[in-house]
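Chain A is the first sequence line, chain B the second, and so forth, proteins listed ahead of strands; every chain is numbered from 1. Below, all heavy atoms of this structure are taken into account, side chains as well, without hydrogens, waters or symmetry copies.
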Amino acid sequence: MTGVRKTPLWERHLEAGARLVEFAGFDMPVLYTSILAEHRAVRSAAGIFDVSHMGEIRLRGPGAFSVAQRLFTRDLGKLSESRVLYGLLCRADGGIIDDVTLARTGPDDLLFCVNAANAESDLAWIRSVWNDCGRPCELLDESATTALLAVQGPGARAIVDPLLANPAAAPRRWRCAQAELERMPVLLSRTGYTGEDGYEIYLSADHAVEVWDLLLAAGGGRLTPAGLGARDTLRTEMAFPLYGHELSLERNPLEAGLERFVDFGVGFIGEEALCKVRASGPSERLVGLMLESRQVARTGYALAAKEPAGEVTSGTFGPSVQRSIAIGYVQDRFSKPGTRLSVRIREKSVGCTVVPTPFFDRTRTPAGSAKGTADAKGSEAP
Amino acid sequence: MTPRKNYEIPQDCRYSRTDEWIRSEGESVRLGLTDYAQSELSDVVYVDLPAVGSALTAGESFGVVESVKAVSDLIAPVAGEVREVNQELEEHPEWINEDPYGRGWILCLAPAAGPEETDLLSPDAYRKFVEERSGS
């Protein structure tokens with residue numbers, strides 16, 4: 001590692017007074033003014049995130065689908081043109097290599113968006129599978145030349161759509177479209193990691209500063225730069241997993257509660273192992289927890305019934321739910337909503353309850369009962 | 001603008017190297033976290049306060065403050081007995097961020113009899129101490 005990398009917008013963050021921290025090898029803004037204020041801006045209006053640290057890996061050519069189907073846990077028969085799917089890359093043993101989105105940007109053109117921390121190992125994995133398949137398509141790592149901006153919030157579309165050369169071509173949820181923002185070509189994806197409507201905008205790193213400035217100028221006071229701190233509180237309120245916390249090589253998609261992003265019978269690597277897990281049922285499950293106090297249950301804190309029950313993987317004070325919330329793995333028998341547990345915080349036990357997720361539900365449909373939640377939830381990659 | 005340098009450091013307070021302030025108010029001493037401390041923590045969401053009547057030992061932790069990002073110990077700059085705690089912080093922990101020397105105060109204590117504390121900083125000395133750490 002030659003040092004910390006910077007996104008094309010690094011100087012913009014510095015000028016804005018952001019507090020920068022190293023994340024996945026990049027110097028990234030954790031906050032500009034306040035995590036809570038940025039979180040609220042995204043929930044009530046719109047926020048803009050620089051997520052250019054994330055990786056983009058493309059498969060292009062007639063064999064792209066056959067390679068991608070080996071790699072990806074979703075049925076690519078569902079991947080009609082311009083669709084975006086959330087899913088996993090797994091090892092043969094079912095362990096999660098990464099959680100990713102896959103966008104079909106052309107008839108034989110597939111774009112993986114991967115976590116920054118995994119970009120190198122993902123590329124190595126994808127390359128090895130591509131080799132095993134006989135290299136039937138092009139494999140392109142576009143991470144270094146691609147910037148990614150997320151504009152998220154109920155006001156996001158009202159800011160972005162008027163800037164499009166053809167606003168009528170704006171994609172629907174879980175779709176993407178090639179578009180132009182002031183003559184700069186972008187891939188507009190109606191996806192995100194916040195639980196809000198909005199776009200993830202892929203573009204050439206060369207245009208990143210121009211587009212960032214353009215969006216902020218168009219947004220005026222209605223668009224707030226938001227850092228990784230708010231990104232984390234927003235995704236935690238939605239119980240969206242974060243690789244390195246909820247997901248790892250030692251965890252499989254079923255224990256992580258991501259069954260609906262695993263399509264059996266399509267021949268992806270890891271399918272047989274996951275079939276066995278499905279048959280026996282996972283021994284641990286990822287659950288949502290609501291705490292009785294405002295204390296924060298942080299990563300690694302122990303969960304107990306009378307005996308050890310599991311461990312917290314992420315926790316925060318949820319600014320929009322106004323409660324201390326956490327996600328963690330517990331033994332299967334403690335995973336039912338309503339189960340009372342305690343979390344060890346600084347030598348004291350604080351009560352908590354297993355609850356359905358997401359913690360924050362804009363539509364207020366009861367989680368787990370509404371069909372809509374399955375598509376709104378989890379279906380998004382960091 | 002980065003790093004921020006214009007931290008508020010009132011003249012009527014003295015400061016610890018762990019970023020608490022104290023202000024003498026007649027017989028008692030009021031205590032809180034400095035502007036620099038709240039800025040470093042950002043987004044305070046919880047304050048664990050001691051009980052009224054409990055004894056604080058100089059240099060020892062008497063509670064914690066939690067922000068979205070981190071947990072930080074509260075260290076007593078002086079010894080004494082807690083007379084009053086700011087109960088409003090239970091509902092409004094963000095006051096520590098918004099008004100660290102005012103309604104974000106943490107507690108009042110009756111200082112223990114005995115030799116005066118030695119390791120507290122004047123406003124000027126504290127400003128230097130902050131600048132040493134925030135300058136990059």
Item to check | B:R23 charged N/C atom sitting above B:W21 aromatic ring, 6.0 Å / 45° | outcome: yes
Checklist outcome for this item: Bottom line for B:D48: the part with an atom under 4.5 Å from chain A's heavy atoms is side chain
Checklist entry - Could you go step by step and tell me if A:T224 and A:E38 meet the side-chain hydrogen bond (donor to acceptor under 3.5 Å, both in side chains) rule? => result CA-CA 7 Å; A:T224 304; A:E38 291 159 25; over 6 Å; no
Checklist entry - Could A:R43 and A:F360 be counted as a cation-pi pair, given that NZ or CZ must be under 6.0 Å from the ring centre and within 45° of the axis? => result yes
Next on the checklist: Please classify the contact of A:L31 with chain B as side chain, backbone, both or neither, using a heavy-atom distance under 4.5 Å.
Outcome noted: side chain
Item to check | cation_pi(B:R30, B:W105) dist<6.0 Å, angle<=45 | outcome: yes
Next on the checklist: Heavy-atom pairs under 4.5 Å with chain B: which of A:I35, A:T33, A:L20 has the most?
Outcome noted: A:I35
Next on the checklist: Quick test of your reading of the model: are B:R17 and B:D119 salt-bridged, counting only N-O distances below 4.0 Å?
Outcome noted: yes
Item to check | Heavy-atom contact with chain A under 4.5 Å, split by part of B:V47 | outcome: neither
Item to check | Engaged part of A:T233 at the chain B interface, taking heavy atoms whose separation is under 4.5 Å | outcome: side chain
